[in-house]
Amino acid sequence: MDFKKIISESVQPHIPRAVSEQEITSLIETPKYAHHGDFSFPCFQLAAHLKSSPVTIAESLAKAIRSPYFKKVENIGPYVNFFFNPATLSTDILLNILSKGSNYGSSTIGKGETIVLDMSSPNIAKPFSMGHLRSTVIGNSLSLLAEKCGYQTVKNNYIGDWGTQFGKLVVAYKKWGDRNTVKKKPIDELFSLYTKFHVEASQFPELEDEAREVFKSLEDGNQEYLQLWGWFRKESLQAFQQLYTRLGISFDSYRGESYYNDKMDEVITMLEEENILVKSDGAMVVKLTEEALPPCLIQKRDGATLYATRDLAAALDRFRSYSFSQALYVVGQEQRIHFQQVFAVLSKLGFTWASNMHHIPFGLYLKNGKKMSTRKGHVILLEDMLNEAVKLAHKNMIEKNPDLPNANEIAEQVGVGALIYHDLKNERTNSVEFSMEDMLTFEGDTGPYLQYTFARASSLQRKGETGTETILALDDDESWGLVKKLHAFPEIIHQSQASQSPHYLAKYLFETAQSFNKYYGKVRILEQDAQLTYRLTLVSAFTTVLAEGLRLLGIKAPENM
Ligand code: ARG
């Protein structure tokens, strides 16, 4: 059911043929105030066609339009305001939602197309940073939204498992490391070895040379170093995996930087053949002057390859493997230039598909206005953060509902959900002020508020018994407000997907939950009267939409809280 179509079809017979239905539809507006109706149609454009004033046109349109869809059509000045008749529309809208269930809002927009996502991508031997958390959470929601719109998706976790830091790590481990300590807490221990390396190297700079040599010989295939590297990688991945399990996120590929180590020659050959690889200060670069970008560094003086070179090889591999229609790199905005360079180099090589590659940047997490960091001193390990969120969720829940069964399991879903929602409700590119207390309150724009509203509606559903009697739609403002919201779900999904912005969906879910709670506060839903079935149908449609919306954000919806 398309609200705007209903309106344009009712307007069309009363105006000159020259004005198309499409044109009418594009003019329809949503009024600021509810007492101005559900939609309004401004008559300024028609004035020229009808050689009359917009106000006169609006007046006569308002008089002429009659339809069972409208409760009232009136004009205010040059605007025709339409008030839908909930009694004729609500039942169809709600039954449509219930018949589609969790498929409500799904579409086939992306049928036959593949979106490849580069997401999460933490570095081995370094802590999982707040930036990696954002990339994981945003990337996951983007992939769920894409699938909802009919795309195939491939989630790539492009692990940072190669590069000069591994020379440092091997040197540090051989000097100060211990096997069992690494086994017990791999990320912590490897990171502290890495940190120790830097502290020592500031006193003994010759350590840097040693590390460079070790990395060079690692690249050349030194067995002992390769084995150590493989072991660090395995331990780190297992530790990351625990986080992913808690976040409920999985990947289709873990091909990281090391995978491309022996696949860069091809790229370098291509660059040479195109004559765009030039020497600069002993290093090999691609100049990007026309693109107004700094030169892209391809090969260092000592022959070692670089981050950008690996990204070029990875892009080629991905296009060959998946012939993607879009490749999205969900990576912090500080890497903006890097991605511009990589895409520009691919374009220079004549790959037209480079124009389908997009960097999806995001802002920082802030604590008291300053960048929140997992480094030096303020090591906020993600695991500790999750535990803290879950603990606080548990406390808040028990205050509300001391006898809650499965409290631990639900607290995990609420704590994790709170963190995810706190991230996704913000416009991606904005910075996010991190506050554990704020994100876990049950009132306001939070994950727990949405989950709690879901549990409340689920409990109504369990308590209410619906009969088989025909549904009598109501036409009170509260229920109509909610029905209209539920009706907008497919459009919101489309908008969020197309703009790669889960915050539209988050905002929508919050407003819809508010609209439900307003209804819940005003109306006795379980009252045994003629409209009971209608109200329960509305509750049921609401839970369908909220559960599906939360799923698309990557948040669980427990039925009890
Ligand atoms: N590992 C990198 C980092 O932590 C992020 C990788 C992003 N993806 C890419 N294809 N470059 O900074």
Side-chain angles (χ1 to χ4, degrees), residues 115-140 142-143 153-166 168-169 187 190-191 194 229 232-233 236-237 239-240 243-244 249 251-261 263-264 267 293 296-298 305-322 324 326-346 351 353-354 356-365 371-375 379-382 428 500:
I115 296 185
V116 169
L117 294 114
D118 184 301
M119 54 185 272
S120 198
S121 312
N123 303 314
I124 280 171
K126 292 194 193 164
F128 196 103
S129 73
M130 296 305 283
H132 297 122
L133 175 65
R134 294 213 72 185
S135 169
T136 310
V137 163
I138 296 170
N140 187 52
L142 293 182
S143 79
T153 66
V154 182
K155 288 179 280 178
N156 280 291
N157 195 340
Y158 185 69
I159 302 284
D161 57 1
W162 205 248
T164 39
Q165 77 261 33
F166 288 94
K168 299 177 185 173
L169 198 59
I187 309 231
L190 292 175
F191 182 57
Y194 185 68
W229 165 81
F232 296 158
R233 182 179 195 275
S236 298
L237 281 188
F240 292 149
L243 284 178
Y244 295 138
I249 290 173
F251 300 92
D252 301 297
S253 161
Y254 280 90
R255 279 185 188 174
E257 294 188 45
S258 69
Y259 178 83
Y260 297 100
N261 187 37
K263 297 175 183 61
M264 286 178 286
V267 175
L293 288 167
C296 183
L297 208 54
I298 300 293
T305 49
L306 289 147
Y307 186 47
T309 327
R310 287 188 281 277
D311 253 327
L312 291 168
L316 266 171
D317 174 43
R318 288 176 190 170
F319 188 74
R320 285 174 183 152
S321 306
Y322 312 115
F324 54 75
Q326 286 173 54
L328 309 179
Y329 291 81
V330 189
V331 185
Q333 57 202 11
E334 62 283 359
Q335 295 196 27
R336 196 171 55 100
I337 304 281
H338 164 73
F339 286 108
Q340 286 180 345
Q341 290 175 312
V342 169
F343 303 161
V345 172
L346 289 167
F351 295 120
W353 46 263
N356 300 327
M357 304 177 80
H358 305 284
H359 176 205
I360 308 295
F362 49 79
L364 298 172
Y365 261 116
K371 179 180 173 181
M372 209 174 155
S373 147
T374 37
R375 284 207 174 196
V379 178
I380 300 146
L381 288 172
L382 189 62
R428 187 164 44 69
Q500 317 294 358

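Just so you know, ligand 1 is whichever comes first in the structure, and atom 1 is the first atom listed for that ligand. Residue numbers start at 1 and run along the sequence shown.
When non-hydrogen atoms are compared, ligand 1 lies under 4.0 Å from the side chain of Asp311 (C-beta onward) but not from its backbone. The side chain of Phe339, and not its backbone, has at least one atom closer than 4.0 Å to an atom of ligand 1 (non-hydrogen atoms only; side chain from C-beta on).
Of all protein heavy atoms, the one closest to atom 8 (N) of ligand 1 is Asp118 OD1, 3.0 Å. Nearest non-hydrogen protein atom to atom 12 (O) of ligand 1 is Gln335 NE2, 2.9 Å. Protein heavy atom in closest approach to atom 6 (C) of ligand 1: Tyr307 OH, 3.3 Å.
A donor-acceptor pair is defined here as one N or O able to donate and one able to accept, closer than 3.5 Å; no such pair exists between the side chain of Arg255 and the backbone of Ala314. Here the side chain of Ser321 pairs no donor or acceptor atom with the backbone of Arg318 at under 3.5 angstrom. Asn157 places no side-chain N or O within donor-acceptor distance of the main-chain N or O of Ser120, the cut-off being under 3.5 Å. Asp118 places no side-chain N or O within 3.5 Å of a backbone atom of Asn156 that could act as its donor or acceptor partner.
At least one heavy atom of His132 lies less than 4.0 angstrom from ligand 1.
The contact set between ligand 1 and Tyr329, taken as ligand atoms under 4.0 Å from a residue heavy atom, comprises 10 (N). Below 4.0 Å from some heavy atom of Val331 lie the following atoms of ligand 1, by number and element: 7 (C), 8 (N).
Aromatic pair Phe166/Phe232: ring centres not closer than 6.0 Å.
Considering backbone and side-chain atoms alike, Asn123 places an N or O below 3.5 Å from some N or O of ligand 1. Between Arg318 and ligand 1, not a single N/O pair is under 3.5 Å apart.
Among Ser121, Ala315, Ser120, Ala327, the residue whose heavy atom sits closest to atom 2 (C) of ligand 1 is Ser121.
Using the six-membered ring where Trp is involved, Trp353 and Phe324 have ring planes that are perpendicular, over 60° apart on the 30 and 60° scheme.
Taking CG of Leu237 as the start and CD1 of Ile159 as the end, the distance is 5.0 Å to the nearest 0.5 Å.
The heavy-atom pair separating Val330 from Ser135 by the smallest distance is O-OG, 2.7 Å.
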